[in-house]
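Here's the structure, in structure tokens; my notes come after.
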Amino acid sequence: MDSTILSSNRSRRLVLLPLPLQGHINPMLQLANILHSKGFSITILHTHFNAPNPTNYPHFSFLPISDASQEKHSVSDIGNVISFLHYLNNNYLNPIQHCLSKLMLEDEGVVCSLITDAQWFATQSIADELKIPRIVLRTSSISSFISFVAFPLLRDMGYFRHFSDEEMKSEALVVGLEPLKIKDLPKFVTSDPKAICELLDLMVQGTKQAQAIIWNTFKELEEINLLTLSHVFPKPHFLIGPFHKYSPTSLSSLLAQDQTSIPWLDKHPPNSVLYVSFGSLARVDETQFLEIAWGLANSKQPFLWVVRPGSIHGSEWLEQLPDGFLERIVEGRGYIVKWAPQQEVLAHPATGGFFTHNGWNSTLESICEGVPMICSPCFGDQPPNARYVSDVWKIGVQLENGLERSEIESAIKRVMVDREGMEMRDRSINLKTKAELCFKKDGSSYASLDDLVNYIQSF
Ligand code: UDX
């Protein structure tokens, strides 16, 4: 970029407010790096809880939101994401407004925009009060967001009120949201339908109020759904992803990434290892954990498995594994770590498949490395993501009956061994190429980023 434009942008400050969860912090800090590379000054406004490490970002300013009550939270508290999101939006508005007004009084440059995660749905009132434009970062896919937008309508059609738990597992397509099936609607709806609908309403309304939306996706992947969404949300949409291709996720990792994963992968032939990870929030019970373990063992394929401490109900870490699992039962074909350098693992030539929960970051990271997936979605946006992976992009298979050892074993064979898996890999590599092209000059994300920069400069 022209150096005069860079230095004139430097006097424009963007304040970015990430949601303090790993899957949201990563894309927000990646976005911050992208916008910094375009010359903007960056301030990260953050909670003390799950705070990013400022030493990894010496080029940004960090502004902690001061609020004593935040100390109440620890990572294990977020079991109930719904109440956590309500808590943030109810308790942090005043402290956020206070920090921002102070920054605006002190700052030499102009705060020209507030960029918030969409889950900070109540922050539009702050932007209005302080008269700064608010842009929303949506960290999910457009495809899954469309299902959230449809929630009130689905509720009015009786989807959640009148359907039993059994009916919510139905294979029937949801009218208007094809290819999603009833079972792909976010699973948490059955636990407290009223609270979920209310939260999604607030999030959708909060997104609608923003001036524009930034998406961590790319046009070639989600063009049809973008058209659908633009009818409901007629406002600027900037599809500038995949963000992690600009800067690595490792910088914003809240857990230490076990680097021994890479030399272990080095010992394996191309496309031979299955990588297994369910992100930063998903948890399984003991039975499901053992089903995964036996599915992996029975498949006879090498695997690198991330078992996050605390991710198995009732266990610290690996206590529930059968005795001698790694040495005797899988005979050295498996390696288990607490947290992996995921992007490097997926980019490693030995990695041939990804057994995933389909969080959007994981899904995109897999697409960008041409790695086919075994999908086992847990909650939220994950079921719609998984359906697009298996039925639309056709780059993975889905465990349609939950975590069950024989289905896991057969899915691993389909992806890692069978011809079907090779065809999925070919389609995945095709998408990877498209993702690479979108960053090149005149590529879709390249052009959209230019548009975003011009848009912010117009404020
Ligand atoms: C959450 C939600 O669960 C998800 O559905 C939503 O799309 C984003 O927020 P999370 O469950 O953590 O995210 O999953 P995901 O979106 O995949 O993000 C996980 C991130 O952690 C990825 O960037 C991944 O690279 C990183 N990661 C994961 C590691 O660095 N090491 C690991 O071992 C596992």
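All ligand and atom numbering here is 1-based and tracks the order in the structure.
One N or O on the side chain of Glu222 and one on the backbone of Ile142 form a donor-acceptor pair closer than 3.5 Å. Glu404 contributes a side-chain N or O that, together with a main-chain N or O of Glu407, makes up a donor-acceptor pair within less than 3.5 Å. Side-chain atoms of Asp285 come within 3.5 Å of backbone atoms of Gln288 as a donor-acceptor pair (strictly under, hydrogens ignored).
For ligand 1, the atoms lying closer than 4.0 Å to a non-hydrogen atom of Phe379 are 3 (O). For ligand 1 and Asp381, the ligand atoms under 4.0 Å from any heavy atom of the residue are 4 (C), 5 (O), 6 (C), 7 (O). Under a 4.0 Å criterion applied to the non-hydrogen atoms of Asn26, ligand 1 contributes the atoms 20 (C), 21 (O), 22 (C), 23 (O). Under a 4.0 Å criterion applied to the non-hydrogen atoms of Ser280, ligand 1 contributes the atoms 10 (P), 11 (O), 12 (O). Proximity to Ser277 (heavy-atom distance under 4.0 Å) selects the following atoms of ligand 1: 34 (C). Interface atoms of ligand 1 facing Gln257, defined by a heavy-atom separation under 4.0 Å, are 30 (O). Close approach to Gly359 involves these atoms of ligand 1, each under 4.0 Å from a residue heavy atom: 4 (C), 5 (O), 7 (O), 14 (O), 15 (P), 16 (O), 17 (O).
Closest protein heavy atom to atom 31 (N) of ligand 1: Ala340 O, 2.7 Å. What sits closest to atom 13 (O) of ligand 1 on the protein, heavy atoms only, is Gly23 CA, 3.5 Å. Atom 16 (O) of ligand 1 has its closest protein heavy atom at Asn361 ND2, 2.8 Å. Counting protein heavy atoms only, atom 17 (O) of ligand 1 is closest to Ser362 OG, 2.5 Å. Among protein heavy atoms, the minimum distance from atom 28 (C) of ligand 1 is reached at Gln342 OE1, 3.1 Å. In terms of protein heavy atoms, atom 27 (N) of ligand 1 is closest to Trp339 CZ2, 3.3 Å.
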message: Run the side chain to side chain donor-acceptor pair (under 3.5 Å) test on Ser147 and Ser144 for me, step by step, so that the C-alpha distance in whole Å, both residues' side-chain angles and the decisive distance to 0.1 Å come before the verdict.
response: CA-CA 5 Å; Ser147 68; Ser144 64; 5.7 Å; no
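For the side-chain hydrogen bond (donor to acceptor under 3.5 Å, both in side chains) test with Gln342, the passing option among Ser366, Ser362, Ser253 is Ser362; the others fail. With Pro372 as the fixed residue, the side chain to side chain contact (heavy atoms under 4.5 Å, CB included) test singles out one of Val397, Val415, Val389: Val415.
Ring planes of His46 and His48: perpendicular class, angle over 60° (limits at 30 and 60°).
Ion pairing between Arg405 and Glu409 fails under the 4.0 Å rule for side-chain N and carboxylate O. Ion pairing of Arg414 with Glu423 is absent here, as no side-chain N (NZ or NE/NH1/NH2) approaches a carboxylate O to less than 4.0 Å. A salt bridge between Lys183 and Glu400 is present, with a side-chain N of the basic residue lying under 4.0 Å from a carboxylate O of the acidic one. We find that Lys432 and Glu365 are not joined by a salt bridge, their nearest charged nitrogen and carboxylate oxygen being 4.0 Å or further apart.
At least one heavy atom of His357 sits closer than 4.0 Å to an atom of ligand 1. At least one heavy atom of Tyr275 sits closer than 4.0 Å to an atom of ligand 1. Ligand 1 lies within reach of Gln382, whose nearest heavy atom is under 4.0 Å from it. By the 4.0 Å heavy-atom criterion, Ser140 is excluded from the residues contacting ligand 1.
Contact annotation: for Val306 versus ligand 1, heavy atoms closer than 4.0 Å belong to the side chain alone. The proximity of Glu365 to ligand 1, defined as any non-hydrogen pair under 4.0 Å, is limited to the side chain.
Taking the ring centre of Phe439 as origin, the terminal cationic atom of Lys245 falls outside the region bounded by 6.0 Å and 45° from the ring axis.
Between Trp360 and ligand 1, at least one N/O pair is under 3.5 Å apart.
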